[in-house]
Amino acid sequence: MSTWNSEKKTVLEAAQRMAQEGYVVGTAGNVSMRLDEPSGRGLVAITPNDRYYDNLTVDDIVVVDFDGQQVEGELKTSVETMLHIGIYKARKKVNAVMHVHPVYASIVAVTGLGIPPILEDQVTYLGGEIKIAQYALSGTDELAKNVISALGANNAVLLANHGALSVGRNMKEAYTNCAMLEKTAKIYVYARNSGTEIRQVPAEPLAVMQAFFNYHHGDS
Ligand SMILES: [Zn+2]
């Protein structure tokens, strides 16, 4: 049994739930978790490339180091591995990352616009405006760079013409933030189509909530 059995199980269960919930179709998407190693070496448990989630096992979850080198697992690691690692390097408090293709977030992602701060829970869970990362091909360094930059200190981001990504201090948070992003996107899509003006969260309470968010999720 692997040292990281329980962490791999957490990654597997989140990935299977992500597929069942319809946040991805087929083999798309990827889920990872930062691993603690006493030596201090950075390690990540991540879903393998191009595999359906329903018949995946704990041993199919791959472990890689921060250079993307495979430490455990027979299967090929996710094509977005360096994107996940880049986020762990940039965000010290982030310990879980989910990359997904949910329908409503993807609708917004094809408009080329982000989602302004329209709901309180969007701000308290995700940090405020949901920005959109400029398009780049899957698996490229350019996509990783664009996503990390657009994510900034927030907990969710959209990927132009592609999908979305959420992060959290643990897997439960990353999963909840994925669901929060999709709920926010759904409300935004309906609100934009209602023909009436969209009202954003007023500036003063927005600043209060964002200060609270940064206290909990920020790195300083
Ligand atoms: Zn994708």
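Whatever order the structure lists ligands and atoms in, that order sets their numbers, starting from 1. Because only heavy atoms are used, hydrogens play no part in the values below, and waters and symmetry mates are left out as well, while side chains stay in.
The structure places CD1 of Ile46 at 4.5 Å from OG of Ser78, a figure rounded to the nearest 0.5 Å.
Between the side chains of Thr184 and Tyr125, not a single donor N or O lies within less than 3.5 Å of an accepting N or O. With 3.5 Å as the limit, one finds no donor-acceptor pair spanning the side chains of Ser149 and Asn146. Side-chain atoms of Arg34 and Asn170 form no donor-acceptor pair, as typed in the model, at a separation below 3.5 Å.
Residue Ile61 comes nearest to Leu56 through the heavy atom pair CD1-CD2, 4.2 Å, listed as atom of the first residue, atom of the second, then distance.
Atoms of the protein (N, O or S only) found under 2.8 Å from the Zn ion (ligand 1) are His99 NE2, His101 NE2, His162 NE2.
Applying side chain to side chain donor-acceptor pair (under 3.5 Å) to Asn30 and the options Glu80, His99, His84 leaves one that passes, His84.
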